Structures are given as structure tokens and as C-alpha cells.
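Here's the structure, in C-alpha cells; my notes come after.
Since the structure is predicted, the reported quantities are computational estimates derived from the model, not experimental observations. Atoms within a ligand are numbered from 1 in the order they appear, just like the ligands themselves.
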Amino acid sequence: MRIAILCLQGAFLEHEQRLQQLGVETFRVRQLADWLQPKDGVVLPGGESTSQTHLLHDLQLYDPLRDELRNGLPAFGTCAGLILLSSSHLGTMDIAVRRNAYGRQLGSFHTTADMGEVGSAVPMTFIRAPYIERTLSPQVNVLAEVDGHIVAAQQGAQLVTAFHPELDSDTRVHKHFLSMVQQRSAAHV
Ligand code: GLN
């Protein structure tokens, strides 16, 4: 299994560490030539979604990424990565997102919440996070809510969290993503 990690900007190092810790081969995507390598899934890390969008366009990565996502490439988007997959950006997930939803005062906080099949009491670190304002199709499966707002969801082979699981030592969310990747690979042999 080989997982691409978008490394244009933001918190990609911790994702790389988590995945490598789980025994998964990863590679960094900084330009189109990197992206064109064979891959079983992609991680879209947190950071700043406007900068990331500009960089994706400037590097001619935007359309190739969207095409592979549309073709079912498994994806895991955290925070800014969630925003990129939402209906107002790449649009491969049917979710409407509110950016910087927690305002400046509550911009960063830590909590735990249940996350469906991923498990109970999952640690969640929020950093100037968005939340999912609403789901736009029945294909979206809500996995977690905090204070009545959706903070994790899945649609087909795409998983998003408004928080940063890569910043906590709990690896259940990454393991869940890897099981999604495995399921898709098994379905395509
Ligand atoms: N606030 C950032 C944005 O809107 C996301 C923050 C994050 O990824 N930690 O793009």
C-alpha cells in the first residue's frame, strides 16, 4: 500500500509519521511529477485552504487530483483538507463547510467524542477548524459531532475530520482510513 501525502503547505509531517508508524509506505507530493506515481490513497493535510487551493492550481495539480478523486481514489482530508474536498472547492464530497467556524476565541481546543465505527472517546484537536454545516446528499455518513456540529464524515472512499487526528497518539482514525483503502484495493483486484 502506498499513500500520497499532499505536502504543499501545512501539517503534513505528522500524517507521514502516523502512517509510517502503522507500517505504510508514503510519498510526498510537491509537484505534478510526484502525483503521477501509482498510489492507493491520498492524504490532504491541515493548513490554510486558500493557500493550498492556489498552490494546487499553480502547480497544475488541481484537475488531476479532482479526476482521481472522482474515479474513487481513497482520500483522507483533515481540517483544511476537509475544506478542499467540500462542495465549495474540489467538490468530491457532498458537504457544505463553515470555515474558521469556532471564531478566534475558541479557535483551538481539545476534546473527545465518539466516532461511530472508528471507536469511542476519540481525542480531537481543533485548530482554527471548520465544521460541516450540512450534508448535501444521503451518501454522506456522519461519523462524529461535537456540540451539535458535524466534525467527521465519510462518503464512499473519502474520509474527513475537522480536527487533527495526526496530532494525537491515538491511531484509530488513520487505521480506519487504511481499512477504507484496503477495502477499495480488494474490490479492484
Ligand atoms: N482555518 C484554516 C482554513 O480555513 C484551516 C485550519 C487548519 O487546517 N488547521 O483553511
Side-chain angles (χ1 to χ4, degrees), residues 3-19 26 28-30 35 41-59 61-63 65-66 69 73-113 115 118 122-136 140 142-155 158-174 176-177 180:
I3 304 291
I5 303 181
L6 272 194
C7 295
L8 306 179
Q9 187 270 341
F12 52 84
L13 259 179
E14 292 84 357
H15 276 293
E16 191 176 76
Q17 285 164 1
R18 285 283 166 268
L19 291 172
T26 62
R28 297 180 178 188
V29 177
R30 294 185 187 281
W35 175 252
V42 59
V43 171
L44 294 87
E48 214 285 315
S49 54
T50 306
S51 313
Q52 293 185 358
T53 306
H54 286 314
L55 285 164
L56 283 172
H57 281 298
D58 290 352
L59 296 163
L61 275 165
Y62 195 90
D63 290 341
L65 171 61
R66 192 184 48 194
L69 293 171
L73 180 73
F76 179 18
T78 54
C79 205
L82 174 154
I83 296 171
L84 286 187
L85 294 171
S86 74
S87 59
S88 52
H89 289 74
L90 290 158
T92 54
M93 274 193 77
D94 301 324
I95 51 174
V97 166
R98 178 185 290 249
R99 261 185 91 181
N100 298 320
Y102 297 93
R104 291 193 183 276
Q105 293 297 326
L106 287 171
S108 302
F109 62 98
H110 187 272
T111 189
T112 56
M115 203 177 153
V118 178
V122 174
M124 300 182 175
T125 300
F126 292 82
I127 302 171
R128 292 181 297 284
Y131 60 61
I132 298 172
E133 214 156 30
R134 58 183 196 284
T135 60
L136 304 173
V140 181
V142 172
L143 292 176
E145 292 187 19
V146 169
D147 296 333
H149 299 301
I150 304 168
V151 298
Q154 187 174 332
Q155 178 174 359
Q158 296 176 90
L159 172 70
V160 286
T161 61
F163 56 94
H164 287 265
E166 77 283 8
L167 298 182
D168 283 291
S169 56
D170 190 311
T171 52
R172 284 178 291 172
V173 182
H174 285 84
H176 179 69
F177 173 59
M180 290 164 55

Worked check of side chain to side chain donor-acceptor pair (under 3.5 Å) between E14 and H164: CA-CA 9 Å; E14 292 84 357; H164 287 265; over 6 Å; no

S49: numbered ligand 1 atoms lying under 4.0 Å from its heavy atoms: 3 (C), 4 (O), 10 (O)

Geometric N/O contact T78 with ligand 1, under 3.5 angstrom: no

Numbered atoms of ligand 1 (with element) below 4.0 Å of G46, judged on heavy atoms: 8 (O)

Pair H174 + F76: ring centers closer than 6.0 Å: yes

Atoms in ligand 1 flagged as close to C79, the criterion being non-hydrogen separation under 4.0 Å: 5 (C), 6 (C), 7 (C), 8 (O), 9 (N)

Close approach of Q52 to ligand 1, heavy atoms, under 4.0 angstrom: no

Salt-bridge present (R98, E133; N to O < 4.0 Å): yes

Enclosure of H110 NE2 (heavy-atom neighbours >12, cutoff 6.0 Å): yes

Euclidean distance, T53 OG1 relative to Q9 CD, rounded to 0.5 Å: 10.0 Å

Ligand 1 N/O within reach of P130 N/O, cut-off under 3.5 Å: no

Contact (N/O only, under 3.5 Å) between I83 and ligand 1: no

Atom CZ of R66 with >12 non-hydrogen neighbours under 6.0 angstrom: yes

Nearest-0.5 Å distance that lies between atom CD1 in I83 and atom CD in E48: 8.0 Å

Protein contact of atom 2 (C) of ligand 1 - nearest heavy atom, named by residue and atom, plus distance: G47 O, 3.4 Å

Shortest protein contact, atom 4 (O) of ligand 1 (heavy atom only): R99 NE, 2.6 Å

Polar proximity ligand 1 side, N100 side, N/O cut 3.5 Å exclusive: yes

